[in-house]
Amino acid sequence: MESIRKEFALDQPTFKAIVDGFKSEYAMGLNTASASGLATMIPSYVTALPTGDEKGTYLALDLGGSTLRVCAVELRQAKRSNVKVTELKRHIAPNDPLRTSGAVAFFDWIVDAIDELLTMISAAASSTSEPLSLGVCWSFPIDQTSISTGKILRMGKGFTIDGIEGLDLFTLFQEAFERKGLRVQVRALLNDTVGTLVAHAYTNPSTRIGFIYGTGVNAAYPEKVSRIVKLQQQQKAHTQPSQQMMLVNTEIDIFGSEDYLPLNRYDKMLDAQHSQPKFQLYEKMMSGGCMGELVRLAALDLIDKNLLFNGYRPQEFAIPMEFDTSVLSLIESFMNETLEVRLQHFNPLFHFTEAYVPSENDLRLLTDLCQIVSNRAARLAAAAVASLIEQQQEDLLGPRTDQKPIVIGVNGSTYEKYPTMHDRIHQALTEWFGEEIGQRIQLEVATDGGSIGGALIAMLAEKEEKMMNDLGALSS
Ligand code: GLC
């Protein structure tokens, strides 16, 4: 057990190496123009935040690892509480054939959901003569080339759509709208991190980071346009000089090399047997999608040495990647109950083909494993947040920023549901920055990134496009 504890330990010098490693990846990503296959530091082309005065109905679509959500967002007045959201959800099972279908079938399926949503809100839709604007929250890497266009990169999260890599997301949507005869216009493509940041900034204007911590992990933040060297090279003509900042999707999930990430033997085992080896190394060390597997692998080691479950393998450990992080979360949540209550909760979680009933010692060891893995996960999440705060050094840590809150909008089931995850991340940040700055850091649950965030970005993009058209008309 002690050797497992050591494998997962993440001390301050290692934490520093990770923060420094991430910062050099930011610099590299901002300066690298091409994104063939993989890309980090992706410019979002979102250069403004909403004022709160906006009105109208906007559509948002949110595709994640297991759900498609489409929403109609009616912005009614200055206050967010006056937003009306009508939504429709479709679950995508892990073995759903859609995941391996072709692009046409996949996009037709998505657009059918939008069609159904439009029927639900028919009154609002028919009152406008212009097509409805849609913000597409795509929780997968894309190489964005403008606010509404971008090449699809490797998807992850169990999707391997045939021939989709390299295609333009805007075109795929517009073609599907045409096939189905829908009057909808994709105005913006956004990553879930960018949607989270915008939606949370709408609630709390001090928000400076959008962080996703669920099945996947990723973050967005506002970067000075002058530092996005690759943007200046690629898009000189499109970028307005007055635009001082742009939200950047870091795709921090992809970051990581052994130079600074302390990959241990279990991380390496997980990666080697994964459907996408060598991809998303950082994410695999700490995401909700992988924590259960890390506990499973470490537990199997103990079982093989007869130290756990008397050497018996529970059925729950039979298949790689299928021991769910929610079980870890459950085990930690009853950790402080009496032994009797804990055993009552614990015993039904594991089933053996032999007549074996887990003992008190099994319970203690397994709880320890969960804590060892989740403590490291919290510190890894904190290292990402710390590096993003430092990346905004001047604005957040400079001499004229005293006492101002540093707000991070966080979305995702691992952050929201895993016991004390918030406190552990915050504590690691306080250890890193010291008490004074630690007190200014506020990690807040951010919801609605894919719905209200997507709609707000579609609205901002539509506004910007109209303004540019008006300017064009004036100067011609
Ligand atoms: C994965 C995706 C990334 C997304 C994150 C959180 O890491 O590659 O685009 O933001 O999950 O959902």
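Bear in mind that the values here come from a model prediction, so they are computed numbers and not experimental data.
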Using the rule given for side chain to side chain contact (heavy atoms under 4.5 Å, CB included), can you reason through Tyr282 versus Ile254, listing the C-alpha separation, both sets of side-chain angles and the distance that settles it, and then say yes or no?
CA-CA 7 Å; Tyr282 165 67; Ile254 304 176; over 6 Å; no
Could you give me the CA-CA distance, side-chain angles and deciding distance for Glu251 and Leu153, then say whether side chain to side chain contact (heavy atoms under 4.5 Å, CB included) is met?
CA-CA 12 Å; Glu251 285 295 341; Leu153 303 174; over 6 Å; no
Evaluate the criterion salt bridge (Lys or Arg N to Asp or Glu O under 4.0 Å) for residue pair Glu7 and Arg376; output intermediate values, then yes/no.
CA-CA 10 Å; Glu7 294 267 7; Arg376 185 187 71 160; over 6 Å; no
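With hydrogens and angles left out, the side-chain atoms of Tyr45 and Gln144 include no donor and acceptor closer than 3.5 Å. A side-chain donor from one of Thr193 and Asn191 sits under 3.5 Å from a side-chain acceptor of the other. No hydrogens or angles considered: a donor-acceptor pair under 3.5 Å links the side chains of Gln392 and Arg208. Side-chain contact annotation: Thr149 with Ser146, donor-acceptor N/O pair under 3.5 Å present. Side chain to side chain, Asn204 and Thr207 fail the donor-acceptor criterion of an N or O pair below 3.5 Å. In summary, the side chains of Tyr213 and Asn218 do not present any donor paired with an acceptor at a separation below 3.5 Å, with no hydrogens or angles considered. A side-chain N or O of Ser374 and one of Arg424 form a donor-acceptor pair less than 3.5 Å apart. Asp423 and Thr420 are not linked by any side-chain donor-acceptor pair at a separation below 3.5 angstrom, with hydrogens and angles left out of the test.
In this structure, CZ in Phe255 is found 6.5 Å from OH in Tyr260, a value given to the nearest 0.5 Å. Here CG of Asp20 is found 12.5 Å from CG of Asp259. Values are rounded to the nearest 0.5 Å. Considering CG of Leu294 and CD1 of Ile372, their distance stands at 12.0 Å, rounded to 0.5 Å. Taken to the nearest 0.5 Å, the CZ atom of Arg99 stands 9.0 Å off from the OG1 atom of Thr160. Atom CG of Leu397 is separated from atom CZ of Arg440 by 6.5 Å, given to the nearest 0.5 angstrom. To the nearest 0.5 Å, atom CE of residue Met421 and atom CG of residue Leu443 are 11.5 Å apart.
Between Glu464 and Arg187 there is no salt bridge, since no side-chain nitrogen of the basic residue lies less than 4.0 Å from a carboxylate oxygen of the acidic one. Comment: Asp368 engages Arg5 in a salt bridge, judged by a side-chain N to carboxylate O separation of less than 4.0 angstrom. A salt bridge does not link Asp267 to Lys284: none of the charged side-chain nitrogens sits closer than 4.0 Å to a carboxylate oxygen. Salt bridge status for Arg379 with Glu431: present, with a side-chain N to carboxylate O gap under 4.0 Å. Looking at Arg342 and Glu337, no side-chain N of the basic residue comes within less than 4.0 Å of a carboxylate O on the acidic one, giving no salt bridge.
Taking 4.5 Å as the limit, some side-chain heavy atom of Ile147 sits within range of a side-chain heavy atom of Ile457. Side-chain contact check for Cys137 versus Asp192: some heavy-atom pair is nearer than 4.5 Å. The shortest distance between side-chain heavy atoms of Val407 and Pro205 does not fall below 4.5 Å. Contact of the His345 side chain with the Ser333 side chain is not registered, since no non-hydrogen atoms from C-beta on lie closer than 4.5 Å. Side-chain contact between Ile42 and Thr250: absent, with no pair of heavy atoms (C-beta onward) separated by less than 4.5 Å.
Across every non-hydrogen atom of Ile441 and Phe433, the tightest pair is CD1-CD1, 3.7 Å. Ile252 and Val217 make their closest contact through CG2-O, 4.5 Å (heavy atoms, listed as atom of the first residue, atom of the second, distance). Nearest heavy-atom pair, Ala461 versus Ala188, reported as atom, atom and distance to 0.1 Å: CB-CB, 4.3 Å. The two residues Gly292 and Leu328 make their nearest non-hydrogen contact at CA-CD1, 3.8 Å. Listed here is the closest heavy atom pair of Thr447 and Ala199: O-CB, 4.1 Å. Across all non-hydrogen atoms, the minimal contact from Leu190 to Gly449 is CD1-O, 4.4 Å.
More than 12 non-hydrogen atoms from other residues, nucleotides or ligands lie less than 6.0 angstrom from NZ of Lys224. Around CD of Glu394, the count of heavy atoms belonging to other residues, nucleotides or ligands within 6.0 Å does not exceed 12.
When the ring pair (Phe, Tyr, Trp, His ring centres under 6.0 Å) test is applied to Phe159, the partners found at least two apart in sequence or on another chain are Phe106, Phe140.
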Ignoring hydrogens and angles, write down the donor-acceptor pairs under 3.5 Å from the side chains of residues 303-323, residues two or more places apart or on other chains.
| residue | atom | partner | partner atom | Å |
| --- | --- | --- | --- | --- |
| Glu316 | OE1 | His351 | N | 2.8 |
| Glu316 | OE2 | His351 | ND1 | 2.7 |

Solution key, residues 381-391 side-chain donor-acceptor pairs under 3.5 Å, sequence neighbours excluded:
| residue | atom | partner | partner atom | Å |
| --- | --- | --- | --- | --- |
| Ser387 | OG | Tyr26 | OH | 2.7 |
| Ser387 | OG | Ala383 | O | 3.4 |
| Ser387 | OG | Ala384 | O | 2.7 |
| Glu390 | OE1 | Lys23 | NZ | 2.5 |
| Glu390 | OE2 | Trp432 | NE1 | 2.8 |
| Gln391 | NE2 | Glu223 | OE2 | 2.9 |

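Taking the six-membered ring where tryptophan is involved, the planes of Phe350 and Phe346 are tilted, since the angle between them lies from 30° to 60°.
Under the 3.5 Å distance criterion, the side-chain polar atoms of Thr414 are matched with a main-chain donor or acceptor of Gly214.
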